[in-house]
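Convention: sequence-line order gives letters A, B, ...; per-chain numbering from 1. Bear in mind that the values here come from a model prediction, so they are computed numbers and not experimental data. Every heavy atom of this structure was used, including side-chain atoms; hydrogens, water molecules and symmetry mates were not.
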Amino acid sequence: MRIDRALWKREYDQAKWLVWITPLAHFLALGGNRLNDWYLDRPENIQHRLARIHDHWQAYQYGDMELMARISLMTVLFVLALVQTGAERKNGGQEFLLSLPCSRTRIYWTKWLFGIGLLTGSLVLNTALDMAIVAGSPIAEYFRLWYHLDQFVFAWLSLAAVYSFFLFIGTISGSLASQAVFAVLAPVLPYLIAFLVRVAIAIHNDSVFRLPEADFILLFPVRYDYPEMLAAGPFPWIFMAAVFAVASVGGMIAYQRTRAENNGKLVVFPLWERILQAGFVFCSALVGGTFVYAFFNSSSVVLYYVGLVLGAAISAWVIRRLLRLRLKI
Amino acid sequence: MLAVRHLHKSIERRPVLKDVSFELRPGMVAGLIGRNGAGKTTLLKTMAGIYDPDAGDVLLEGESVHRQPEIKREIVFLPDNPEALFGYTAEECARLYALIYPRFDRAAFDEMIRRFGLPANRKIRQLSRGMKMLASISLGIATRASYVLLDEPTNGIDPIAKQQVLTLLVEAVSEGMTLLIASHAMGDLERLSDMILMIRQGEVETREIADPARGEAVKLQVVFDGEAPAAWLASPQVIVLEHVGRVYTLLVSREDGDAKLEELRRMRPLVLEELPLGLEDLFVWKHGGRNDEDR
């Protein structure tokens with residue numbers, strides 16, 4: 001339909017530079033690196049490198065290049081989500097879209113499909129290029145089709161989930177700045193909370209606490225190298241598929257109900273304002289308790305509670321002020 | 001017909017629109033007036049489907065703008081600053097609008113930008129404020145939508161650009177479009193409008209332009225014989241619009257009858273002349289003079 005073309009045109013117009021940057025950044029991290037190692041380097045270096053390779057795992061450097069490519073793509077998709085949602089709240093783009101003769105659901109899915117399409121296109125192009133580069137290189141004998149397909153599917157699922165998550169954060173945040181901060185903080189929040197709770201338990205049990213596994217970080221599968229990816233079993237796949245589904249549908253629901261009159265605030269929904277308020281006070285109280293306890297050489301558990309109360313009081317005051325702000329960016 | 005029915009909207013727990021109802025008939029021009037922050041833009045944005053109402057609805061030919069957004073092909077909202085289009089040239093805007101609005105009249109748009117000397121290939125961002133508004137209104141009119149909602153179309157632009165904007169609006173009306181114009185330019189609204197919507201404390205009052213005060217107030221020029229009656233002038237039914245030397249220009253409310261006018265006549269002023277009551281007088285009267293609290 002014509003309106004769909006208009007929505008696609010609008011998405012392309014505001015993010016056209018990213019349409020070119022995405023496959024380029026992807027190529028530099030993957031095919032470009034491989035090209036460097038096996039075609040452009042000095043012949044003696046290539047020979048030296050080749051002499052150390054005995055199996056396909058070594059030939060593919062345990063998936064390090066794919067890992068770098070995923071990190072590059074994640075960064076670009078993060079910026080894309082900011083442009084598609086946070087920036088639009090400031091530059092009048094969102095109000096323009098909401099005034100158009102089409103449903104908000106349609107606007108949201110166009111944005112989402114644009115990002116997913118860009119990711120898919122970049123992955124297809126660069127996987128094909130990478131396969132061609134490997135097949136024509138001195139490590140051609142170690143070429144494994146299933147390796148490339150594995151990496152393709154894993155990258156697609158993990159990055160589609162992460163992008164949908166970034167976009168979802170954009171639908172509830174009121175500004176570009178708050179979207180950027182929440183999108184960076186939210187994935188590490190479970191890790192941070194688990195750490196603080198373990199500290200609190202350790203203080204009360206007088207036991208030595210240890211750090212929780214870093215896998216509490218939501219984005220963990222993105223940073224897996226190939227052996228880790230295989231060793232992790234089905235969990236990361238299921239987890240990423242769940243994040244993908246929940247974030248995509250959650251984003252659609254939030255966009256349908258968006259409160260454009262709250263643009264500029266930290267978050268646009270009163271419910272999320274309360275969640276943010278409670279979460280901020282809770283985390284700050286735990287940080288306050290931990291900090292005061294550690295600062296006074298862990299001498300008394302009472303100090304932990306002094307810090308806890310101080311942290312809660314100060315953060316309650318701070319968050320109340322922050323929630324009243326209308327951010328310019 | 002575009003009908004607003006019992007619209008309620010609160011922003012940050014402050015009620016901005018309270019049970020707002022009115023209708024725009026095809027081909028009419030309605031002026032929307034009110035103090036800064038009174039809710040004019042909120043009303044327009046709610047009508048355009050940008051904001052969701054807390055209660056009530058906006059109906060186009062009986063269908064809800066919020067539940068059936070596709071019917072907004074017949075409603076165009078033109079903000080006071082077309083910043084969403086800043087990255088486009090007029091030419092690119094026309095291509096985008098042609099995809100959105102099925103009756104977009106490209107020839108008419110080209111003719112309008114040619115007539116007003118708007119550069120077709122310069123980004124909207126680079127145009128003067130007046131040119132930006134002209135480009136935005138030209139786009140709105142070229143959509144051939146039945147209803148155009150304009151937010152402060154002449155705000156901050158020079159007199160020549162303003163005249164060009166008004167010319168465009170008059171042409172739009174002559175082609176059968178319905179306009180709702182939020183503006184502080186009372187003189188322009190007085191010339192253009194058939195109806196005035198006055199928004200105050202969240203409520204909208206509708207008045208025909210031919211008789212905006214409906215006989216509820218009278219504007220007088222008065223020269224008192226001797227000392228001006230301070231107590232009478234301070235009464236709530238009397239608003240002093242202007243005071244130059246011994247000459248007072250007054251608005252006297254007749255909502256509670258003619259008692260205040262009778263009192264004035266009994267004072268036997270040297271001059272007592274009735275003046276035509278304009279939209280600006282109505283605005284001042286309805287807002288209780290210069291009371292800054294009254295929005």
Side-chain angles (χ1 to χ4, degrees), chain A residues 1-18 83-84 87-108 110 174 253-270 273-274 320 323-326 328, chain B residues 9-14 16-17 39 41-42 44-54 60 65-89 92-93 95-104 124-125 136 139-140 143 145 148-149 151:
Chain A
M1 283 177 75
R2 289 164 69 89
I3 190 75
D4 289 318
R5 279 173 58 203
L7 294 176
W8 277 92
K9 178 172 163 48
R10 173 84 191 157
E11 291 306 312
Y12 174 76
D13 288 341
Q14 70 176 355
K16 56 184 157 201
W17 46 286
L18 282 168
V83 170
Q84 288 182 302
E88 265 196 3
R89 293 183 190 276
K90 182 62 196 156
N91 65 20
Q94 192 197 41
E95 295 198 346
F96 173 74
L97 287 175
L98 298 182
S99 76
L100 297 184
C102 59
S103 68
R104 292 176 180 185
T105 312
R106 203 171 196 166
I107 298 169
Y108 172 79
T110 305
I253 293 168
Y255 202 84
Q256 262 176 349
R257 297 167 185 194
T258 197
R259 308 280 296 258
E261 65 271 24
N262 289 336
N263 284 351
K265 296 181 77 178
L266 289 186
V267 286
V268 290
F269 297 105
E273 248 183 26
R274 283 194 285 278
R320 217 171 32 244
L323 286 173
R324 283 192 209 135
L325 281 181
R326 291 267 180 179
K328 298 280 184 208
Chain B
K9 180 72 187 167
S10 293
I11 295 180
E12 296 203 44
R13 296 186 195 90
R14 187 177 80 88
V16 181
L17 303 176
T41 302
T42 300
L44 293 183
K45 287 183 177 177
T46 310
M47 290 175 72
I50 297 169
Y51 294 169
D52 286 334
D54 298 332
L60 177 62
V65 159
H66 296 93
R67 281 192 293 275
Q68 301 283 332
E70 292 76 17
I71 61 172
K72 287 193 287 182
R73 278 189 291 262
E74 295 299 334
I75 303 172
V76 177
F77 170 65
L78 303 178
D80 60 343
N81 190 11
E83 55 183 335
L85 304 175
F86 277 8
Y88 294 98
T89 63
E92 290 164 344
C93 286
R95 284 207 294 269
L96 180 67
Y97 269 60
L99 291 172
I100 300 165
Y101 297 97
R103 296 202 304 275
F104 187 80
I124 301 290
R125 178 186 289 110
S136 170
L139 279 168
T143 62
V148 181
L149 315 176
D151 193 8

Taking every non-hydrogen pair under 4.5 Å, which of [options] racks up the most with chain A?
options	result
B:Glu92, B:Lys45, B:Glu12	B:Glu12
B:Pro82, B:Pro79, B:Ala84, B:Gly49	B:Ala84
B:Asn81, B:Ile50, B:Leu96, B:Val65	B:Ile50

Original post:
Quick one: are A:Phe269 and A:Arg257 in side-chain contact, heavy atoms under 4.5 Å?
Top reply: yes
Original post:
Do the side chains of B:Tyr101 and A:Leu100 get nearer than 4.5 Å, heavy atoms only?
Top reply: yes
**OP:** Kindly indicate, with the supporting measurements, whether the criterion side chain to side chain contact (heavy atoms under 4.5 Å, CB included) is fulfilled by A:Tyr255 and A:Leu98.
**Re:** CA-CA 10 Å; A:Tyr255 202 84; A:Leu98 298 182; 4.3 Å; yes
Original post:
With chain B, which of A:Asn262, A:Ile3, A:Asn91 has the greatest number of heavy-atom pairs at distances under 4.5 Å?
Top reply: A:Asn91
Original post:
chain B: which of A:Ser99, A:Cys102, A:Gly93 shares the most heavy-atom pairs with it under 4.5 Å?
Top reply: A:Ser99
Subject >> Sidechain-backbone polar pair: B:Lys9 side chain, B:Asp52 backbone, donor-acceptor under 3.5 Å >> reply: yes
Original post:
Between B:Asp151 (side chain) and B:Thr41 (backbone), is there a donor-acceptor pair under 3.5 Å?
Top reply: no
**OP:** Counting only heavy atoms closer than 4.5 Å, note whether A:Arg104 contacts chain B via side chain, backbone, both or neither.
**Re:** side chain
Original post:
Less than 4.0 Å between a side-chain N and a carboxylate O, is that true for A:Asp4 and A:Arg106?
Top reply: yes
**OP:** Identify which part of B:Tyr88 has an atom lying under 4.5 Å from any heavy atom of chain A, answering side chain, backbone, both or neither.
**Re:** side chain
